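FYI, side chains are in, hydrogens and waters are out, and symmetry mates aren't considered; it's all heavy atoms of this structure. Note on naming: letters A, B, ... go to the chains in the order of the sequence lines (proteins, then strands), and numbering restarts at 1 for each one. All values reported here derive from a predicted model rather than from experimental measurement.
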Amino acid sequence: MIREKDDGRKRGLYSFGSPYVTDTVGKYQRELALLLSESPLRIYKSGEILFDQGDIGNRFYFIKKGKVMATMSNQHGAVKIVAIHASNSFIGDTALGQHSHYATGVTLQESEVHVIENSHFESCVKRHPKVAFLVIESLLRKACNAALQLEDLSLRNAKQRVAHVLIELSNEIGRETDGGVEIEEKMTHEILAGLTGLARPTLTGVLNDLERSNVIIKKNRLIIIIDEKKLSHILD
DNA sequence: GCATTAATATGAT
DNA sequence: ATCATATTAATGC
């Protein structure tokens, strides 16, 4: 079986993005200001729903402060977390046009969110075409996130999924310390299980296993990666 | 190998 | 003290 490409890079380690999204604005700060100028800011309490899976979207959202997750669930109450969006990212934008939302948007904490009407977005783009690129950037992130998770869910086992999400999190919100790379957000096992599509006890078991083999250290709800090599090795 | 369920333990407020 | 979260064990697919 072919494991490496001609240039030696590993397969399956495409690394644009993570299910934890911190910022997709980048160089489009001016365009963001134009888009938000007529988009009211709303405060949502923790656990509030911005939009529901299946609803037709007439508006999308920009998270100024706080956290909003996208979840998919079935009739039996099983829940998959598609992504967690932090400050400076859009959510609900995949329903632009006449499409319905493929996920539900729920706040994880009290959040300040700009509500952007699709009609406003369209007229804004007509006046300032570059505004489209701002949103395209966000949509790209979602496309890549979906592809990465497709790979995880179809091709990887529990341990590999956990290793992968830890690598993604360390790329997105990791901080180098003397002890290793610390993931700078507290994550409950429930959230990590939701992100990896695993049952919570399974997730707990894998994390404990990784700690026993000196790959990570757990501190209340923080995770420090002390052996990045071993962690990425789990994926090959 | 992993999900589900339940029982128990630990931690946060 | 109470509620949320984490761990561990038992069982089944």
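The interatomic distance linking A:H189 (NE2) with B:dA9 (P) rounds to 18 Å, in whole Å. Between the CG atom of A:L155 and the P atom of B:dG1 there is a distance of 18 Å, given to the nearest Å. Distance A:L203 CG to C:dT7 P: 9 Å, rounded to the nearest Å. Here B:dC2 presents its C1' atom at 10 Å from CG of A:N157, a figure rounded to the nearest Å. Rounded to whole angstrom, the span from the CD atom of A:E190 across to the P atom of B:dT10 amounts to 21 Å. Distance A:R221 CZ to B:dA12 C1': 7 Å, rounded to the nearest Å. Computed from coordinates, the A:K218 NZ to B:dG11 P distance equals 11 Å when rounded to whole Å. Atom NE2 in A:H76 sits about 16 Å away from atom P in B:dA3, given to the nearest Å.
At the phosphate of B:dG11, neither OP1 nor OP2 sits under 4.0 Å from any side-chain N or O atom of A:N220. Proximity of A:T204 to the phosphate of C:dT7: a side-chain N or O atom is located under 4.0 Å from OP1 or OP2. Residue A:R200 places none of its side-chain N or O atoms closer than 4.0 Å to OP1 or OP2 of B:dA3. Residue A:N208 places none of its side-chain N or O atoms closer than 4.0 Å to OP1 or OP2 of C:dA6. Put simply, A:T188 has no side-chain N or O that comes within less than 4.0 Å of OP1 or OP2 on C:dT5.
Using a 4.0 Å cut-off between charged nitrogen and carboxylate oxygen, A:K219 and A:E182 do not count as a salt-bridge pair.
Nearest heavy-atom pair, A:I226 versus A:I216, reported as atom, atom and distance to 0.1 Å: CG1-N, 3.9 Å.
Between A:F62 and A:H114, the angle of the ring planes lies from 30° to 60°, which puts this pair in the tilted group.
Judged by distance alone, the side chain of A:K142 and the main-chain N or O of A:D93 form no donor-acceptor pair under 3.5 Å.
Taking for each of A:K186 and A:A158 the nucleotide of DNA chain B with the nearest heavy atom, the 5'-most of the two is the partner of A:A158.
Under the 4.5 Å side-chain contact rule for hydrophobic residues, A:V125 and A:L96 share a cluster.
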